[in-house]
Number of protein chains: 4
Amino acid sequence: MDGTTPKRRRAPETRREEILQAASRLFGEQGYERTTTKQIAQAAGIAEGTIYKYFASKQELLFAFLESSVIEPLNAIISGMTGAPDEEVFATVILNRLDLWHERHEFVKVNIAEAFFNPQLAALIHEKLFRGGTRAMEQFVRGGIADGRFRDIDPGLVLRAVVGALFAFSILRDITGPDPHTREEQARELARFFLHGLRAPQPVEPPVTPLLPLALLW
Amino acid sequence: MDGTTPKRRRAPETRREEILQAASRLFGEQGYERTTTKQIAQAAGIAEGTIYKYFASKQELLFAFLESSVIEPLNAIISGMTGAPDEEVFATVILNRLDLWHERHEFVKVNIAEAFFNPQLAALIHEKLFRGGTRAMEQFVRGGIADGRFRDIDPGLVLRAVVGALFAFSILRDITGPDPHTREEQARELARFFLHGLRAPQPVEPPVTPLLPLALLW
Amino acid sequence: MDGTTPKRRRAPETRREEILQAASRLFGEQGYERTTTKQIAQAAGIAEGTIYKYFASKQELLFAFLESSVIEPLNAIISGMTGAPDEEVFATVILNRLDLWHERHEFVKVNIAEAFFNPQLAALIHEKLFRGGTRAMEQFVRGGIADGRFRDIDPGLVLRAVVGALFAFSILRDITGPDPHTREEQARELARFFLHGLRAPQPVEPPVTPLLPLALLW
Amino acid sequence: MDGTTPKRRRAPETRREEILQAASRLFGEQGYERTTTKQIAQAAGIAEGTIYKYFASKQELLFAFLESSVIEPLNAIISGMTGAPDEEVFATVILNRLDLWHERHEFVKVNIAEAFFNPQLAALIHEKLFRGGTRAMEQFVRGGIADGRFRDIDPGLVLRAVVGALFAFSILRDITGPDPHTREEQARELARFFLHGLRAPQPVEPPVTPLLPLALLW
DNA sequence: AATGAATGAGCATTCATTCAT
DNA sequence: TATGAATGAATGCTCATTCAT
């Protein structure tokens, strides 16, 4: 009804980005539901109404960031690195993801948390992020199985295990606690683990081990 | 005359439990923020105000359920199963967790989602659930390393990878899509994977493989 | 989030009525769109949220009043008055409507204004108020035509003209200005006008006619 | 290249008209409150801010249109038609109004709806439209009474009844439902009704009467 | 002990209006 | 002259929490 004192005309392309930045920071700190548009506006240094000049809804802010900061960069990242020993490939990719997820830590968190209860978002992540991974991992693993480098194993299982591990290392960090190693060490070690498992190179039939303690932890 | 038994004055200890049950089911289905106290009261067949006779706040409901339904039963579950081949141990434990998480699927979801943004809850989970796991896994892995069954590997990494995998299989299911195998198959296969990795039993030096496709996916 | 100091527990049946009264008064004074739920709450001496314990939405307030104050009384009004000269029937019914509309003046105004742009409400009014009127007027007029008391005329036209006149006398008052006569005089005069038109009289004494069907409709 | 002619710098007087046209169409379709300045700007092919170069406020748009599109043309319409049988006069005038209101249907709707709650607008309509009608109808009816063609009847009542009927036939159409007859039939039949009422005829042939003054008022 | 009516701050979103460009 | 980005008060509605009954 009133519309007083419009502040300042900003660089028009920057605005959108600023709002996105502010929103993703707050989402990351507090979760999507707990973050209000008022807070976002305040953090971006604009009026509440201005948000809606750039985004149709609060939810679109979530989707927009996922699109522009997770999905798009992903396509850009796919490049170079053609052939290399499995170990190297694994390590590189894992490191890459670890870095990305570390950097976007807070934001990935929200997306996951939201996706739990927002089928639309879950579907988006599934479509745009996971499906491609399935295909690539399938190729990679089936190739290895075909030429005898890998055991006959379900590629889906490998993908899930790898994604899960990355998940535990980057996103669940708050819960599992920090890992003392550098991300590069983590990547290299994880790659080795996924390739060789726990077993010593020359298998020895193991003596009995207690398992129950295991149960208590996660 | 019909289904609406006027539920007056139940066993006072049962009430608490009923509310907890109702709350955790709803939290699981819709997320914590999206579940209202009205819904909880309705589901528990009581008045809204009654909730506050048993719990100081909505948040306490979350904590209470974690305590009584996840942590306590966990301690009960830890039992028997002394010695057995690593593969068996692993498979059993994984299956056990997979089953538990499957059953509690919805609830674990909320706890994780909430823990992302609630340091108090994150600390609780870390303390009561994860720390114990760390100790046990440490024992298990260090034992294996000591007697030559396992490579020299960081037990923390193994734990994180295993937890992550379980996570991906049970909690991220909505995002990664369902796995076509039975939980038993999953458990056995995961155990084998964690023990042996991808590599074929008789190592073959791999030809070069393209890795980039891998990058595109998760 | 906070819910402080609940004021007072009122007579439970009264509340709904109080809110309805407050709403219809404000709607009448300012129009539907211009009346805010805050104002309604204030006028009813309650908190804003309380409105929504009794009505699902602001729009429902509009519909509820139409239902309870216009439609229901209409059915109650249909009574007694069986046979009487046309002139008496007409005058009575017109007076009755004139009184009702006068009393509800403000509220009818909103409903009409709203119905202009709200097809749902328009349909409701058409269904519940106008259709019945059509039927009754049809009977009345066709009866008169059949026994030679009335000219061969379209009953729909008569109904529209009568409703329109009532409309002009009660609702358009603000625009047409007030009429100096008492409502009874208006009613009698209108009845005569509708029966005889402008033309100077060539009176015919009418046989008795039942009037009640007429009452039910507009 | 396509339909988006960049409409830069039109004839400055045309602009005002274009905005008015756009506004009145939208007001008519959706009501005044529900029409946004953004929609008006879009419909007029201009920027939102430009509206305020021509009109001080949204409300002024309403007044401006009433002035320029209803009142002014009305004065132009008043013309010719000197003497003719009452029936002819009535029918002509009613048809004229019916046509005008039909054409302006949507706009009249808003004005009425608005006038209900806007005394300023109500007064304007009363002054400029209704008062003139009162005078003319007074002349017409008093003339008829004087020379014995009409019964002794209050001219105000006749005007109100006629306006109301027109109202019901053109504006309330959405509520009363459509009339199956042509507008010409309606006009003729209404004229007959107002002259003769419902009563079976004892016709008296009326002398000629002037009709034009009638046109100026409602 | 249990109720559920009542609260009111808080939410996402809208929109007439302003003014730097 | 015309623009449209920016404003921010205001809106309808929600919901955790309180407390008289």
Side-chain angles (χ1 to χ4, degrees), chain A residues 1-12 15 33-41 45-59 61, chain B residues 6-10 12 15 33-42 46-59 61, chain C residues 1-12 15 33-41 45-61, chain D residues 6-10 12 15 33-41 46-59 61:
Chain A
M1 276 258 154
D2 195 56
T4 34
T5 23
K7 201 154 283 180
R8 208 155 309 290
R9 187 172 295 232
R10 291 287 172 81
R15 266 281 195 266
E33 293 277 2
R34 271 182 270 259
T35 298
T36 69
T37 50
K38 188 177 195 158
Q39 291 175 329
I40 295 171
I46 56 165
E48 221 175 330
T50 305
I51 294 172
Y52 292 86
K53 295 289 174 192
Y54 295 92
F55 302 91
S57 68
K58 189 184 160 192
Q59 186 167 192
L61 274 168
Chain B
K7 203 164 285 194
R8 199 183 273 262
R9 209 156 307 183
R10 280 288 175 94
R15 265 279 197 273
E33 292 279 359
R34 274 181 267 254
T35 298
T36 68
T37 49
K38 184 178 193 162
Q39 291 174 328
I40 296 171
Q42 224 151 37
I46 55 164
E48 223 176 329
T50 306
I51 294 172
Y52 292 85
K53 297 291 174 193
Y54 296 93
F55 302 92
S57 70
K58 189 183 163 193
Q59 188 165 186
L61 274 169
Chain C
M1 276 257 156
D2 194 53
T4 33
T5 21
K7 200 154 286 182
R8 209 152 310 286
R9 188 172 296 231
R10 290 289 171 82
R15 266 281 195 263
E33 293 276 2
R34 272 183 270 259
T35 299
T36 69
T37 50
K38 189 177 194 156
Q39 290 175 330
I40 295 170
I46 54 163
E48 219 175 330
T50 305
I51 294 172
Y52 292 86
K53 296 289 175 192
Y54 295 91
F55 301 92
S57 67
K58 190 185 161 190
Q59 187 167 188
E60 216 189 80
L61 274 169
Chain D
K7 201 164 290 196
R8 198 184 272 263
R9 208 156 310 183
R10 280 288 176 94
R15 267 278 198 272
E33 292 278 1
R34 276 182 264 255
T35 298
T36 68
T37 50
K38 184 177 193 164
Q39 292 174 328
I40 296 170
I46 55 163
E48 221 176 329
T50 306
I51 294 172
Y52 291 85
K53 297 291 172 194
Y54 295 92
F55 301 92
S57 70
K58 190 185 162 190
Q59 187 165 189
L61 274 168

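Lettering of chains follows the sequences in order, A, B, ..., and the numbering in each one begins at 1.
- Side-chain N/O atoms of Tyr52(C) include none lying less than 4.0 angstrom from OP1 or OP2 on dT14(F).
- For the pair Thr50(B) and dT3(E), the criterion of a side-chain N or O lying under 4.0 Å from OP1 or OP2 is met.
- Using a 4.0 Å heavy-atom criterion, one finds that Thr37(D) contacts the bases of the nucleic acid, with or without backbone contacts as well.
- Comparing dT7(E), dC15(E), dA2(F) by their nearest atom to the side chain of Thr36(D) picks out dC15(E).
- Mapping Gln39(C) and Gln59(B) onto DNA chain F by nearest heavy atom places Gln39(C) at the nucleotide closer to the 5' end.
- Rounded to an integer number of Å, the gap from Lys38(A) NZ to dT11(F) P is 15 Å.
- Taking atom NZ on Lys53(A) and atom C1' on dT13(E), their separation rounds to 12 Å, with Å as the unit.
- Arg34(B) approaches Gln39(B) most closely through the heavy-atom pair O-OE1, 3.8 Å.
- Looking at every heavy atom in both residues, Glu33(B) comes nearest to Lys58(B) through O-NZ, 3.7 Å.
- What separates CZ of Phe55(B) from C1' of dA2(E) is a distance of 15 Å, to the nearest Å.
- Between Glu60(C) atom CD and Tyr52(C) atom OH the span is 10.5 Å, to the nearest 0.5 Å.
- OP1 or OP2 of dA12(E) has at least one side-chain nitrogen or oxygen of Lys58(A) nearer than 4.0 Å.
- In this model, the phosphate group of dA6(E) is approached by a side-chain N or O of Arg15(C) to a distance below 4.0 Å at OP1 or OP2.
- Glu48(D) has its CD atom 19 Å from the P atom of dT1(F), to the nearest Å.
- Ranked by how close their nearest DNA chain F nucleotide is to the 5' end, Ala47(A) and Ser57(B) are led by Ala47(A).
- The side chain of Tyr54(B) places an N or O atom within less than 4.0 Å of a non-bridging phosphate oxygen (OP1 or OP2) of dA2(E).
- For the atom pair CD1 of Ile51(A) and CD1 of Ile46(A), the computed distance is 5.0 Å after rounding to the nearest 0.5 Å.
- We find that CD of Glu33(A) is positioned 17 Å from P of dG10(E), with the value rounded to whole Å.
- Between Ile40(C) atom CD1 and dC13(F) atom P the separation is 10 Å, expressed in whole Å.
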So what's the dot-bracket for DNA chain F: Watson-Crick or G-U pairs under 3.5 Å, [ ] if a pair crosses, | if it pairs off-strand? .||||||||||||||||||||
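- If you measure from atom CD1 of Ile51(B) to atom C1' of dA16(F), you get 9 Å, rounded to the nearest angstrom.
- Between Arg34(C) atom CZ and dG12(F) atom C1' the separation is 17 Å, expressed in whole Å.
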